[in-house]
Every structure is written in C-alpha cells, then in structure tokens.
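Note sheet for the following structure.
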Amino acid sequence: MKYNPEKIERKWQRYWEAKKFYHTKNSPPAGGNYMLLTEFAYPSGNLHIGHWLAFSVPDILARYLKMNGKNVLYPTGFDAFGLPAENAAIQRNINPRDWTEENIKQMTKQLKSIGAMFDWSRAISTIDPEYYKWTQWMFLKMYEKGLAYREKTFVNWCPKDKTVLANEQVKDGYCDRCGTEVEQKELFQWMFKITDYADRLIDDLDKADYPETVRVAQRNWIGRSEGALLKFPIFNPKFSKGGQEYIEVFTTRADTLFGATYLVLAPEHPMVTKLTKDENLSAVSKYLEEVKNKTEMERLHIDKSKTGVNTGGYVLNPINNEKIPIWVADYVIGWYGTGAVMAVPAHDERDYEFAKKFDLPIKEVVKGGNIEKSAFTENGVLTNSDEFDRISSGEARKRIVEKLKEKGLADFKKNYKLHDWVLSRQRYWGVPIPMIRCGPPAGGCGYQPVPEKDLPVELPKLEDFKPTDDGRSPLAKAEGWVNVKCPKCGQEAKRETDTMDTFVDSSWYFLRYADPKNKKEFADKKKLKSWLPVPLYIGGAEHNTMHLLYSRFITKALYDLGCLDFSEPYLARRNHGVILDLTGQKMSKSKGNATDPDKEVSKYGADSVRMYLAFAGPYDQNIIWSAEGLVGIFRFLNRVWNFIGEPVEPKTADKEVDKILNKFTKEIGDDIKDLKFNTGVSGLMKLLNAIEDKWLTKKQYGTFLKLLAPFAPHIAEELWQTVLKNKKSIHLEKWPKYNEALLSDEPIELVIQINGVKREVLKITKGLSEEDVKRIVLDNENVKKHLAGKEIKKFIYIKDRLVNVVV
RNA sequence: GCCGGGAUGGUGGAAUUGGUAUACACGCACGACUUAAAAUCGUGUACCGCAAGGUUUGAGGGUUCGAGUCCCUCUCCCGGCACCA
C-alpha cells in the first residue's frame, strides 16, 4: 500500500477526538502539570501558514512532554473581539458576531487538521459572555482599586476607524490596524494606571526566562530614566504677587545646571500664555497656531529643524539666581516629563542646535569637549560651576540636587515614556465597559460601577453598528440598552457606551484555561495554582511589547488584588519567526504570496507540513517557505512508510540497531526539549539513513516510531497500530529510555592535528589515558611522515576528542 | 543617533559552546530502472589543484597549541526605541 496521508490523517484525528485523548485532567500525575501556551488565534477568516508554524511545531514539544510523564495542557481558543472583524463585517454588510462565529467554525475545523493535541474541551472564546463577564469583573476590581479611571487627555484618534488607539497601537504616527494617519484629540477616556507598575514591569523582567529581545523591547518601551525634578522660580512681576511660582523641569543632567542659559516650554505647556510678555504675545500666539496645524508626523519626522519663539519672560536658575529667558519650542514634548526643559546648549545636541539658530549663549560647564564645534554630551569634570568645580558629573548630579533639595527646589525623580493604557474604544465589537453614568455631566451620582451580580453586561444586538464621527460609540444608539437605573440612587441613568480594547480580553485568557467553565470565579484558586504560572509561552515577536506588557501588568494587578499568588504570568517565553517567501518577503494575503496550508495538506499531508516547518530552520528565526523543501520531507515520510515492515524475531535482533536507536533517543529528545526542532528532524533522518536497510524487531520498529510520533503523529499512529499491530495508541506510550552506558560504549574518532592542521583520524575506544594515546599516535605511519625530522614541542590531548602535536 | 540580534556552499541550515567547519536536507550533475517521462534507487557535489597539498565561516587585526565560536576596528542586513531632556 502506498503512503496516502489524506486517507490516514482524518481517520486518526477522529479516533483521538472520540477517545478524548487530549482532554486534560486537573489532577496532576507524578510528572506534574504543564500548560504549554501558544497565542490564541484571531478569527480573521482562514487559517494561514503562520498559524501552522505557531501551533504545529510547539505541538512536537507538547507531545514529547506528555510522553515523558507530564500532564500536558495544550490549550487553544479565540481572541474574537476587535476592529478587523468589525471592519470586515461592515464591508460585507453583515453582523460582526455572525462573521466572527462563522470564522471560528471554519478555523476550528482547520485547526483540527493540524493534528495537534489541543484540548478542545477547554477552548475559550473572548466573545462568550461567560468569558467576558470576568473581563468586566476585572475592570471593576481595577476600578475599585483606582487602577481604572476616566480622564480627559490627548489621545490617538484614528479618523478612519473612528476610535481612539493606545500608544502601542500607533506605529510611526499611523494606525496599526488600517494605516491611516493618527490625529491627536482631547477626549474623556477610560484608562488603566499601568504607569504605577512601570518599575515592577522593568524589574521583574529578570524574574522570568525572557529572550533578550523581549527584555530590551519592554525596557525601551517603558523608557525609565532617572534624574531630578528642578524648580525654576518665575521672574515676572506680573505673577510674583502672592507667593512665588515655579516652572518645573525634569533633567537627567542636573550636573549641567550652571550651563542652563534658557528654558523651553512645550507649546502645550499650560503656563505659556501666562508667562508671555504683552509685546511678545502676538508672535507666541502665531507660533502656537502653527504648531497646532502641524501633524504629529511633521512634528516628529519631517520638520526636525528647530523652531521656537521667545516669550519675553524669565526664570531664575535655582542654583545661582541667574536670570534665564523662557522660550517656547516644539522640540520639547508636551506629555513627557513636565513639558518644560532647562536648556544646556553646551551639553545637549538639541539645545545646541537651537542656541546656534537663535543666537543664545552657550556656556561650558563640563570639560572634555570642544563646544565651539559641537555639544559635549558625555560625562566629565565640572567647570564654571562655583563650588562644584573639579567634581565629576556623576557626583555633581547627586550633590547639586541634594543642595537644592534642602531649599525645596529639587528632588530626585524617575521618569517614564510609558503612558497609562487608554482602554476605551468607540466601537461596537468589544466588551462593554461595565459602568453607568448617573445624571448630567455635572451633578447626579457620576460614574457608578455595575453591581457584580448584574455581570455580564451583555453586548446588545445592533442593526446599525457602524462607527460615528462624533467620538461616540455606536452603542449610544441602542436606547433600550443604554437607559438604566442608577445602581446608587435609582434615578434615570445611562450605560457607558464605549467598549474595551481587545488587548484587555487577551491579557488574562491563559488564566481561564485552568478552569474555563467556572461560573463563580474567573478560575478556581486551587486549579490556578496547579497550572500557573505558565511554564512556557511561545508566540510571535510582534507581541513582545503590547500583549506581553499588558498581560504582565494585569497579572501584577490581580496579584495585588489578592486574586493570584504569582505576579509574573510566564516562567519563560520563546518567540517564533514569520514565514517568508523565496524572495525573503513576508507572506501575506494582500501581497498574494501566501501559501495556503489546506492545499499543501491535501497534497502532502499534515505530517509533512508540520515536519517541514520544524525542519526549515531554528524556531526563533524566520522561515523561508520552499515547496521543494516540503517535498523533501514528504519523501522522507514515504521512506519511513516503506521501512516499517514485518518485524524479525527478538532472537535475531541486531545489536547495532539498538546502539543507534539508543544514541538518537537521547539526541532527538534533547533537541525537542531545547526547542531545536530542526536538528530533531535531521536526527530522525540520520537515524533512518543508518538503519533503513536493516531488519528490525517489533520493539525496535516501535522505538523508531515513538521517536517519530511527536513530529508526525498520524503516520506514526498508522504504522504503530496497523503494521506493528499494537492495540493501544502510540500517543499513550512513554518516550523510550536510553542507556547511558551504551552511549559511552561507542568507539570514537580521535582527530590528530599537527600544528593545528588535521592529518589523521583514528578510531579508538573511549577513556584512554594520555600515555596510551601518545603511543598510538606517534606510532601512526601518517603521523610519523609529518613529524619526520622535527622536534615535538608540545603534545596536547583533549580526551576522546583530539590530539594536537606542536613541532 | 542609542540598544538588541545576525552574516557559514548554488539554497535552507548544522557544528557537542574554544577542539574534524559545511551534518541533515533542497538543488544540480552523472548513472540504474523505463520505449519515454515521472516516481524510486545509486554516485558525486565549498573553492584551487592531475596529485601531493593548499585555501575558506561578511572585511581586517588580536588572544590561543587550536577561533565560525572569545576580544578590538570596520561593512552590510533584520528588529526595538528615537527631538524622551
């Protein structure tokens, strides 16, 4: 019979499903529980080849761990709310729910064709009210703790999607979802106080086994910098009546304070007009108007040359009371720090450029550079700084701040680039924010949380769910839903009509896998304890900042709320790459270069696709899809198919085969454990090459199939049950044990170098002493030839490996 | 600009972490089977050289008996951050 994957794969998938093989029990066996987490899928339409990479390759590890006695949970689910689904539904003029549910059905079918050991009994979907009830519950808990709040701020507004976006969802000034240029709007929004967790989010990165890229990306994103807050007294008769007023600035270079020759306010700074002298007012207003008309893009990227105007106002340098002019310039960012900086042109490139352009004084206070030519931004020794002269920058930073601190004019301060997480969206397809607004904007009870017993606040069915231009969610139109009684006073009130960012839904989904059907809690404490934190989380690098940061934050918040007894959700994280076409382009539907996995599966089978993806390269690197490479794997599986035949009697067992199997049992197992799936596959190939023309016993054939089973579960099962006539599934078998003694039994090849150049390879037994080896080596004809007439200076012997004779 | 990762045959990649560079595949070439092709099997395949031998891991230098691996300088590619004070 020929190898026909289409015939056997469906059959075994049904068999495994019928026998509930992968329905994980809660009680751990001796080996313990292990949740191997992969990122759940967004139901966008069809499964693409990237999903196969994300799910089929880690399945190799899941199966290996199961064979090694772990109670493995390989969960799956759908991250089903969100903008793309909603936009797609609008385009097709159908309801987002219908569209999403249809996709979930289709993708579930496709996911099953992978042959992964997903536990479908625990599958979750974020649009299930039984799930999002707990998303809302968590929001309320956060609200109680003051971690969720509503405030008017400048937010990113996508004019096409008609919703606000979190900072993380804006890429170079464009909407991450649709590519439209993002505008800044000042709106009331719901936010999570993620900034409260900035330090812990950085410091705890070292508590888990995260790849360096993740650590760096998150640290960059949070952007902690340590410096000081300095108060500059305002010198302006207009405002000094009735107590001194100050401009606060943040700086990491307090050591350069004596070099501050002017002060700059961001155009957004609330004090700008107040501080501007009457005769400068028209110039300043004009400038503010100009800046307002610039888009974020122009301000950040196109127009990098410095602009600004003098306000005519002054502050005093707190360290020496020098009078310093106040300027307004848009190179200072409104939201970062205090929106004002002390300008030290001698020691900051931006200030230098600005000072040159507007002819402001440049005063050197740190020695080491040439300020005639450029700003000197490194540390050095202070000069022109009174009592601080000849002190190093590092020391001066401390001392200057300490001195000012005594007068209440400074303090040490950490600053962050991280913003609070704007979580409200003015869109239909999301989890309703469980809040009720009582009374007019002023008066009434204000915002009141929906009582816990009323959860979930279900998303109503809407005929017209299209977004609006007025910054209001489409839910505002659902009058029957919006109008409720205030939970506090019982008066007429309205529901919050914004929905939550989908990243809230996906920030805690892995917790639900521990107890997906629980109606009383988001998960039972005991079950949480037995499954979490996640031992290993595998996913795409595109989630290294957003999703990973958010889920770490929510985990920490839940920990603080007493809901969890761990504060870091994952013990380890590994990234997988993306799939590229032969020209190195990223595969995508829109480019038309995407491989359709269904087609490949119907041609070569799921086993071939799985093994190809595992084989094509290291798992954390990008994979180049090669149709020819896939055929190579298919050929290999055909050879396997033809190899497993009628077993011989144990009496005639080939001992050599045992040795080979023993060696590869260790090698392949180690490879899987280390996520080196590519060399694991090559190990299987080497193994087959070594034993292909030998006759094996049933046990030996079985061992081979067990090594193959995690990679190609269908063909392994077929040959195991139908050719070898085993009654039970191969996927209930244990990973073969290898014999350490047998490994060291092997003769080894000793490399002989003369002056570092390989001259001879000798087969010797393991563990020989240096004297024995020396005798054997110097007796070798080839070695003698190369040594003739030369004096041996050194004889280096690396045990069981190599000899280097230096002459 | 700062930070991180990388560069190995015609291609994807391997290399026990300082010890045989190019495993395993793909591709290609030749051969076998075939009327023929496909499939399959066999042989070869880093480069120079008839050979002995020599050269080779982006470029150059260094440490070492020995470097793809460690150190320094540089080039290019990918990713994160970026007027963040």
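First the proteins, then the strands, lettered A, B, ... as listed; each starts at 1. Everything numeric here is computed off the predicted structure, so don't read it as measured data.
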Nearest-Å distance once atom [atom1] is located in both [N] and [M]:
N	M	atom1	answer
B/rU34	B/rC41	C1'	13 Å
B/rG12	B/rG19	P	25 Å
B/rU17	B/rG79	C1'	25 Å
B/rG66	B/rA51	P	30 Å
B/rC48	B/rU35	C1'	44 Å
B/rA59	B/rG4	C1'	22 Å
B/rC72	B/rA23	C1'	32 Å
B/rG53	B/rA15	C1'	25 Å

To the nearest Å, how far apart are [X] [atom1] and [N] [atom2]?
X	N	atom1	atom2	value
A/Ile798	B/rC65	CD1	C1'	9 Å
A/Leu802	B/rU16	CG	C1'	13 Å
A/His576	B/rG5	NE2	P	21 Å
A/Glu749	B/rU16	CD	P	17 Å
A/Lys663	B/rU16	NZ	P	15 Å
A/Leu684	B/rC24	CG	P	14 Å
A/Phe636	B/rC26	CZ	P	11 Å
A/Glu212	B/rG79	CD	P	19 Å

Looking at [N], I'd like to know if its phosphate oxygens (OP1 or OP2) sit under 4.0 Å from a side-chain N or O belonging to [X].
X	N	answer
A/Lys686	B/rC24	no
A/Ser225	B/rA85	yes
A/Lys2	B/rU40	no
A/Asn678	B/rA14	yes
A/Asn689	B/rA25	yes
A/Arg639	B/rA39	no
A/Tyr331	B/rA85	no
A/Gln621	B/rG13	yes
A/Arg635	B/rC26	yes

Contacts of A/Asn622 and A/Phe250 projected onto RNA chain B by closest heavy atom; the upstream (5') one is A/Asn622

With nearest nucleotide decided by heavy atoms, which residue, A/Asn804 or A/Val761, maps closer to the 5′ end of RNA chain B? A/Val761

Taking C-beta and beyond as the side chain, do A/Thr256 and A/Met342 meet within less than 4.5 Å on heavy atoms? yes

Heavy-atom closest pair, residues A/Gly337 and A/Phe250: CA-CB, 4.3 Å

Can you identify which nucleotide, out of [options], has its nearest atom closest to the [X] side chain?
X	options	value
A/Glu628	B/rG27, B/rA25, B/rA85	B/rG27
A/Ile796	B/rG12, B/rG19, B/rA85	B/rG19
A/Asn220	B/rA14, B/rA15, B/rG80	B/rG80
A/Met685	B/rA25, B/rG19, B/rC65	B/rA25
A/Ala217	B/rG80, B/rG19, B/rG4	B/rG80
A/Arg759	B/rG53, B/rA14, B/rG12	B/rG53
A/Thr679	B/rA14, B/rG4, B/rA85	B/rA14
A/Ser682	B/rC24, B/rA85, B/rU20	B/rC24
A/Asp330	B/rA85, B/rG4, B/rC83	B/rC83
A/Arg801	B/rG19, B/rG4, B/rC24	B/rG19

Listed partners of A/Glu770 passing side chain to side chain contact (heavy atoms under 4.5 Å, CB included), at least two apart: A/Phe795, A/Tyr797

Which nucleotide, in any strand shown, forms a Watson-Crick or G-U wobble pair with [N], with both distances under 3.5 Å?
N	answer
B/rC74	B/rG58
B/rG27	B/rU45
B/rU69	none
B/rA32	B/rU40
B/rU17	none
B/rG79	B/rC3

Within the structure shown, what part of the strands sits under 4.0 Å from [X] by heavy-atom distance: base, sugar-phosphate, or nothing?
X	result
A/Phe795	nothing
A/Asn544	nothing
A/Lys417	base
A/Gly632	sugar-phosphate

Worked verdict on A/Asn642 versus A/Glu692 for side-chain contact (heavy atoms from CB on, under 4.5 Å): CA-CA 9 Å; A/Asn642 296 326; A/Glu692 194 170 18; over 6 Å; no

When you check the glycosidic angle of B/rG9, does it come out syn, meaning within 90° of 0, or anti? syn

Torsion-based syn/anti label for B/rU17, 90° from 0 as limit: syn

Is A/Arg253 paired with A/Asp348 through a side-chain N to carboxylate O contact shorter than 4.0 Å? no

Is any side-chain N of the basic residue among A/Asp209 and A/Arg574 closer than 4.0 Å to the acidic one's carboxylate O? yes

Within 45° of the ring axis of A/Tyr331 and under 6.0 Å from its six-membered ring centre, is that where the NZ or CZ of A/Lys306 lies? yes

Regarding A/Tyr3 and A/Ser608, do their side chains bring together a donor and an acceptor under 3.5 Å, going by distance alone? no

Looking just at side-chain N and O atoms, do A/Asp420 and A/Thr195 make a donor-acceptor pair shorter than 3.5 Å? yes

Indicate, yes or no, whether a donor-acceptor pair under 3.5 Å links the base of B/rC65 to the side chain of A/Lys793. no

Measure the acute angle between the ring planes of A/His543 and A/His547, then classify it against the limits of 30° and 60° as parallel, tilted or perpendicular. perpendicular

